[in-house]
Amino acid sequence: MSRDRAQAQSDPQTTLEEIRATRLEKVEQLQQAGLTPYAYRWESTHHAAELQAKYVDLPNGEEAAVEVAIAGRIMAKRVFGKLAFFTLQDETGTIQLYLEKSRIQETMAAKDESAFDHLKQLTDAGDIIGVTGSIKRTEKGELSVYVRDYAMLTKSLLPLPDKWHGLTDVAKRYRQRYVDLIVNPEVRETFRRRALITASMRRYLDQQGFIEIETPVLQTEAGGAEARPFITYHNTLDMSLYLRIATELHLKRLIVGGFEKVFELGRVFRNEGISTRHNPEFTTLEVYQAYADYNDMMTLTEALVTTAAQDVLGTLKITYQGEPVDLTPPWRRVTMHEAVKEKTGIDFATFANLDEAKAAATQAGLHSVEKAESVGALLNQAFEQTVEETLIQPTFVLDYPVEISPLAKPHRTKSGLVERFELFMVGRETANSFSELTDPVDQLQRLQAQADRKEAGDLEAHSVDEDFVTALEYGMPPTGGLGIGIDRLVMLLTDCASIRDAIAFPLLKPEKTDAEE
RNA sequence: GGGACGCUAGCUCAGUGGUAGAGCAUUCGGCUUUUAACCGACUGGUCCUGGGUUCGAAUCCCAGGCGUCCCA
């Protein structure tokens, strides 16, 4: 900062730089007074929410003769001449500090004879302090720590957003999530719940005998899903590598290797657009169970989601963006053909060729019909255009066309289809599952067909992961596989409208600075 | 990729062609029961950026940036 300190001290302080300068001045004054502005340690006995709960019955005006210690951030200061009330916030909530000059001076005189004046003058909203004292409910009914002693733990240099309106600018909320978390308690609650959801799922899987094994993020072939990968580069090996777009193919290798129940809850990366439902890096849970099929995976999906909802929300009847959603199993099961027939009247099972199907789809008013490369792809388009957004209550959509499911086992009774389901809730795909394809010859053919499409310019098509096919040739037991989009599940269970609200640090375009232009 | 909307003080927002504003925060003074404390005083601006129109632009036009929503 170029501003002269003496001048900064005498001028009114109101721009950001001036506020910083004023607070840096206070840092110096704290040091001169022997009060460290950046402390090393603090030992608390309680958190705010604990105290609020424990003393809920303390009558107005009464003091509990106890000694507590608590630390947190000053969110508001209400200062009188010889009395002050601060609102202190920790991870669990807030509690008022009752700061009386006479009491503080009495207990702190030995180390700081101006302790109360320093408290008034050198602390700001945003500072992190620790206090000790008794508990008192004020005459006005606010539970408070009746402070005997305080310590500055961290001096804050920057002002907090408006104490009433908080921070609403969404770009700023995402770019400076720490500020968002300080002033918006519901945002902290979202990420607390997110942690509880993943913990619940891991706990359930652990109880069922699944083990989590970490698979590589850096891969020589990005497989297991249809998506454009991120490309990176390894210097020593002098080769390009891809960031994984799915964990599927490596988890299946583990099944080949003899593990019977494996999963990975981890980050995958897809080089695609950003929307309220898409972030380029997101989290999936993939689960593989030997000797199981997609019917078992439906049961497992219901168990995982309902257990998480119960653990985190304590109910299966939830509300998402004002709309009631009932997670009580069993969930509706409908085949993709039936679902499309319900909405469009078209029975895709009756078409002899693609042209017939296209004619019917065009007749029904579907768009982008000409792009379809197969009846199955067209069926999927019809599903996405007419059915997907209507599936509010949890619904398993079953039995997908083989053309769009290169890793799924052929349906045991329905020709041209595979044993696959996707779970839809609030109009969004939230899980995807197969009876996994275990026939290495069929698998190679399907991957080669994908590779041909890639060759022809389809950037999302699979490539052939030869080592994966080799693994299948050693023999993979019948296996059920399941992938759950954790971010979307978190959105549902935390009532977030945008995936960016469910991801602590979503990807944003950097703000362009002058130097870059 | 297309469209609509938004961007003004640290924060939340007014201001639609004529001297850039309010509340909160900050700074100073007062105050022992406040909780959006209060009272008094002061202060604070790259009106997103760059061009253009105009005697005059936060305001109108063009281009760009960032964001939100909708569509593809």
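For clarity, every value in this text was computed on a predicted model and none was experimentally measured. We name chains A, B, ... by the order of the sequence lines, and we start the count at 1 in each one.
Aromatic ring pairs are classed by plane angle as parallel below 30°, tilted from 30° to 60° and perpendicular above 60°; the pair A:F396 and A:W331 is tilted.
Here the side chain of A:H367 is nearest to one of B:U35, B:U33, B:A72, namely B:A72. For A:L167, whose side chain is taken as the heavy atoms from C-beta onward, the closest listed nucleotide among B:C31, B:C11, B:G67 is B:C11. In this structure, of B:C31, B:U68, B:U27, it is B:U27 that holds the atom nearest to the side chain of A:K26. Among B:G10, B:U35, B:G23, the nucleotide with an atom closest to any side-chain atom of A:Q96 is B:U35. With B:U32, B:A36, B:C11 as the candidates, the nucleotide lying closest to the side chain of A:W164 is B:A36. Of the listed nucleotides (B:U33, B:G23, B:U68), B:U68 has the atom at the smallest distance from the side chain of A:Y174. Set against B:G67, B:G10, B:U32, the side chain of A:P159 has B:G10 as its closest nucleotide. Set against B:U33, B:C66, B:U27, the side chain of A:T22 has B:U27 as its closest nucleotide. Ranking B:U35, B:C66, B:C11 by closeness to the A:K172 side chain, first place goes to B:C11.
Using the Watson-Crick or G-U wobble rule with both distances under 3.5 Å, B:C13 pairs with B:G21. When both distances must be under 3.5 Å, the Watson-Crick or G-U wobble mate of B:A4 is B:U68. In this entry B:A63 has B:U49 as its Watson-Crick or G-U wobble partner, both defining distances falling under 3.5 Å. Pairing for B:G44 is absent, judged as Watson-Crick or G-U wobble with the two contacts each under 3.5 Å. Nucleotide B:A36 has no partner under the Watson-Crick or G-U criteria, as no pair reaches both atom distances under 3.5 Å.
A centroid separation of less than 6.0 Å is found between the aromatic rings of A:F85 and A:Y98. A:F348 and A:F383 have their aromatic ring centers separated by at least 6.0 angstrom.
Here A:R500 lies in heavy-atom contact (under 4.0 Å) with sugar-phosphate atoms only. Note on A:T168: only backbone sugar-phosphate atoms sit closer than 4.0 angstrom, heavy atoms only; bases stay farther off. Among the heavy atoms of the strands, none lies under 4.0 Å from A:V183. If you check every strand for non-hydrogen atoms under 4.0 Å, A:K509 touches sugar and phosphate atoms only.
When each of A:L243, A:I245, A:T284 is paired with A:V268, the side chain to side chain contact (heavy atoms under 4.5 Å, CB included) condition holds for A:T284 and for no other. When each of A:K136, A:E63, A:E100 is paired with A:Y146, the side-chain hydrogen bond (donor to acceptor under 3.5 Å, both in side chains) condition holds for A:E100 and for no other.
Toward the 5' end of RNA chain B, the nearer of the two residues A:G81 and A:G166, judged by each one's closest nucleotide, is A:G166. The 5' end of RNA chain B is approached more closely, in terms of each residue's nearest nucleotide, by A:D124 than by the other of A:K101 and A:D124.
Taking atom C1' in both B:C13 and B:C31, the straight-line distance is 31 Å, to the nearest Å. Nucleotides B:C66 and B:C55 place their C1' atoms 34 Å apart, quoted to the nearest Å. To the nearest whole angstrom, the two P atoms, one in B:G29 and one in B:U16, are 39 Å apart. Here, B:C5 and B:A9 have their C1' atoms 24 Å apart, quoted to the whole Å. Taking atom C1' in both B:U19 and B:A58, the straight-line distance is 14 Å, to the nearest Å. B:U43 and B:G10 have their C1' atoms separated by 13 Å, given to the nearest Å. As rounded to the nearest Å, B:G67 and B:U53 have P atoms that lie 32 Å from one another. Taking atom P on both B:G21 and B:U46, the two are 15 Å apart, rounded to the nearest angstrom.
For the pair A:D162 CG and B:C24 C1', the interatomic distance rounds to 5 Å; values are reported in whole Å. Counting to the nearest Å, the P atom of B:U32 and the CZ atom of A:F86 are 15 Å from each other. Across the protein-nucleic acid pair, A:R103 atom CZ and B:U33 atom C1' stand 15 Å apart, rounded to whole Å. Between the NZ atom of A:K120 and the C1' atom of B:U32 there is a distance of 11 Å, given to the nearest Å. Rounded to an integer number of Å, the gap from A:L160 CG to B:U12 C1' is 14 Å. One atom, CG of A:L508, and another, P of B:C66, lie 11 Å apart when rounded to the nearest Å. To the nearest angstrom, C1' of B:G45 lies 13 Å from CG of A:L16. As rounded to whole Å, 10 Å separates atom C1' of B:C66 from atom CG of A:D169.
Here A:E91 does not pair with A:R192 in a salt bridge; the nearest charged N to carboxylate O distance is not below 4.0 Å.
In plain terms, the two heavy atoms of A:L507 and A:N279 that are nearest each other are N-OD1, 3.2 Å. Closest approach of A:H46 to A:I70, counting heavy atoms only: O-CG1, 3.6 Å.
Phosphate proximity of B:G10 to A:T15: absent, as no side-chain N or O sits under 4.0 Å from OP1 or OP2. A:H165 has no side-chain polar atom (N or O) that falls below the 4.0 Å cut-off from OP1 or OP2 of B:A36.
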